[in-house]
Amino acid sequence: MSQPALAVVVPVFNEERGLPELYRRLNPALEGVGLPYEVICIDDGSQDRSLDVLREIHKKNFRWKVISLSRNFGHASACTAGLDHAKADAIVLLDADLQDPPELIPELVRKWREGFEVVYGFRTKRKETYFRQLLIRGFYRTLGIFSDFPLPKQSGSFSLLDRRVVEALRKLPERHRYLTGLRSWVGFRQVGVPYERQERWASVPGQTLPKLFGLAADAIFSFSIIPLRIATLFGVFLALVSFGLGLNILYEKLFTNKPIVGWTSTMLAILTTAGMILMTLGVIGEYIGRIYNEIKHRPHYIVSGTLGFD
Ligand code: UDP
Ligand code: MG
């Protein structure tokens, strides 16, 4: 079999009901491109029958290959596993839940042929609950403020990556992987293609709110040390205020007969300072925790089996 020129990497976590529909829609989209292709599905420790469904699909169509991970490692690690196994010249990251339309892939490939090494989809509309939308918007805004370099707004993992970009990404050793951020960090010529984000097909979000918050924290703390600088600024501000207040208290003590009232001001000072100190410690802790995780050098994922790779 000839080396596939196009690979689609699909992280799968509890998607047994959506997979047949993915199979039905992805194949024609890829046939339309006219390049030899492979689809690499990574079963990220699903607890439902996803792996069985993937096995059946592989039996029907050898272009669909399977990597199963030994447990749930999360979306970014699953994608990393796929990127490590794909040998193609261009690699598309596609979610299994059909929120990103496979029909857009020919368009991504067209842009790639025009010479762009990264072609990412960006969402013009989201079909999400209002609450999630609000959170997501807040996240992008915060990230925009904190990041040291521009990150494309409203774009997720859905993208086509040139071989060179994949090699660059694979050289980044960090464990806390915010793929979208790393993708813009590596540079190269990048272009966005607009699309409308669809509703999740037949499944509940695998990215639960805690996972999304984790992702947001990863995005902010791994891409910026501005939170540390804000902590410093808080400290400087508090020190200046304390100094001013201190002078005032000294003045009243030495040069006036006013009795110095105690409880309220003392409590206020203690509580404010304690709050600020704890918050600053928390910020520092976020970074230390990340350093700790990085120096352990654990692998990003553990493969328990593969299907279709020789
Ligand atoms: N996913 C995964 N591991 C996880 C959570 C999700 O591989 O721990 C997969 C999931 O099957 C889907 C993709 O990652 O194909 C995106 O997940 P989801 O739709 O829950 O995320 P969102 O669309 O909210 O970003
Ligand atoms: Mg989704």
Side-chain angles (χ1 to χ4, degrees), residues 8-23 25-26 39-54 57 64-86 91-102 104-105 120-123 125-140 143 151-159 175-181 183 195-219 300-304:
V8 181
V9 165
V10 187
V12 174
F13 178 56
N14 296 345
E15 306 273 5
E16 60 173 2
R17 294 199 299 148
L19 283 171
E21 178 69 7
L22 176 75
Y23 183 75
R25 278 177 60 188
L26 185 51
V39 178
I40 301 177
C41 294
I42 302 92
D43 175 48
D44 186 17
S46 298
Q47 277 137 19
D48 63 358
R49 287 191 56 256
S50 294
L51 187 56
D52 297 332
V53 178
L54 288 175
I57 290 179
W64 284 61
K65 304 173 181 179
V66 185
I67 303 169
S68 56
L69 303 185
S70 60
R71 63 168 173 84
N72 179 248
F73 281 89
H75 174 265
S77 300
C79 290
T80 305
L83 293 181
D84 287 346
H85 284 76
I91 297 166
V92 173
L93 290 175
L94 178 75
D95 284 356
D97 57 4
L98 291 168
Q99 279 191 296
D100 310 321
L104 201 70
I105 292 177
Y120 57 86
F122 70 88
R123 300 128 185 182
K125 252 193 212 153
R126 267 176 187 276
K127 293 183 178 150
E128 298 267 12
T129 59
Y130 185 71
F131 180 61
R132 261 176 108 93
Q133 289 211 16
L134 207 72
L135 279 181
I136 290 169
R137 210 166 316 144
F139 163 69
Y140 279 115
L143 193 59
L151 289 163
K153 285 201 180 59
Q154 299 296 335
S155 90
S157 56
F158 185 37
S159 54
R175 256 113 278 268
H176 289 274
R177 295 174 88 75
Y178 172 54
L179 275 179
T180 312
R183 187 183 72 207
Y195 73 102
E196 210 171 284
R197 192 141 216 242
Q198 302 301 306
E199 241 156 300
R200 232 168 241 105
W201 210 88
S203 64
V204 289
Q207 302 277 39
T208 51
L209 276 185
K211 272 193 193 170
L212 275 184
F213 273 115
L215 200 68
D218 263 359
H300 298 283
Y301 55 85
I302 295 170
V303 174
S304 65

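Order of listing sets the numbers, starting from 1, for every ligand and every atom in it.
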| query | Which atoms of ligand 1 are found less than 4.0 Å from any heavy atom of Pro11? | reply | 7 (O), 9 (C), 10 (C), 11 (O), 12 (C), 14 (O), 15 (O)
| request: Kindly write out the residues that satisfy ring-ring contact (aromatic ring centres under 6.0 Å, His included) with Tyr23, not counting sequence neighbours, or none if the list is empty. | output: Trp64
| query | Which part of Asn72 is near ligand 1, with near meaning a heavy atom under 4.0 Å away: side chain, backbone, both or neither? | reply | side chain
| Considering only heavy atoms from C-beta outward, does the side chain of Leu83 approach that of Leu93 to under 4.5 Å? | yes
| field | Gly74 to ligand 1, any heavy atom closer than 4.0 Å | value | yes
| said: Counting only nitrogen or oxygen atoms and a 3.5 angstrom limit, does Ala78 reach ligand 1? | reply: no
| said: Under 4.0 Å from a heavy atom of Gln99: which atoms of ligand 1 are those, numbered in the order shown and with their elements? | reply: 19 (O), 22 (P), 23 (O)
| said: Using modelled atom types and a 3.5 Å cut-off, is there a donor and acceptor pairing between side-chain atoms of Thr80 and backbone atoms of Ala78? | reply: no
| field | Mutual orientation of the aromatic rings belonging to Tyr301 and His85 [parallel < 30°, tilted 30-60°, perpendicular > 60°] | value | tilted
| Heteroatom N/O/S of Asp97 within less than 2.8 Å of the Mg ion (ligand 2) | yes
| Under 3.5 Å: donor-acceptor pair, side chain of Ser304, backbone of Ser68 | yes
| task | Going by heavy-atom distance to atom 16 (C) of ligand 1, choose the closest among Val10, Asp100, Asp95, Leu19. | result | Asp95
| field | Heavy-atom nearest neighbour of atom 7 (O) of ligand 1 within options Asp44, Asp43, Leu93 | value | Asp44
| query | How does Glu15 reach ligand 1, if at all, at less than 4.0 Å between non-hydrogen atoms: by side chain, backbone, both, or neither? | reply | side chain
| field | Non-hydrogen side-chain atoms of Gln47 and Asn14 separated by less than 4.5 Å | value | yes
| field | Pairwise side-chain contact, Ile105 with Leu26, heavy-atom cut-off 4.5 Å (strictly under) | value | yes
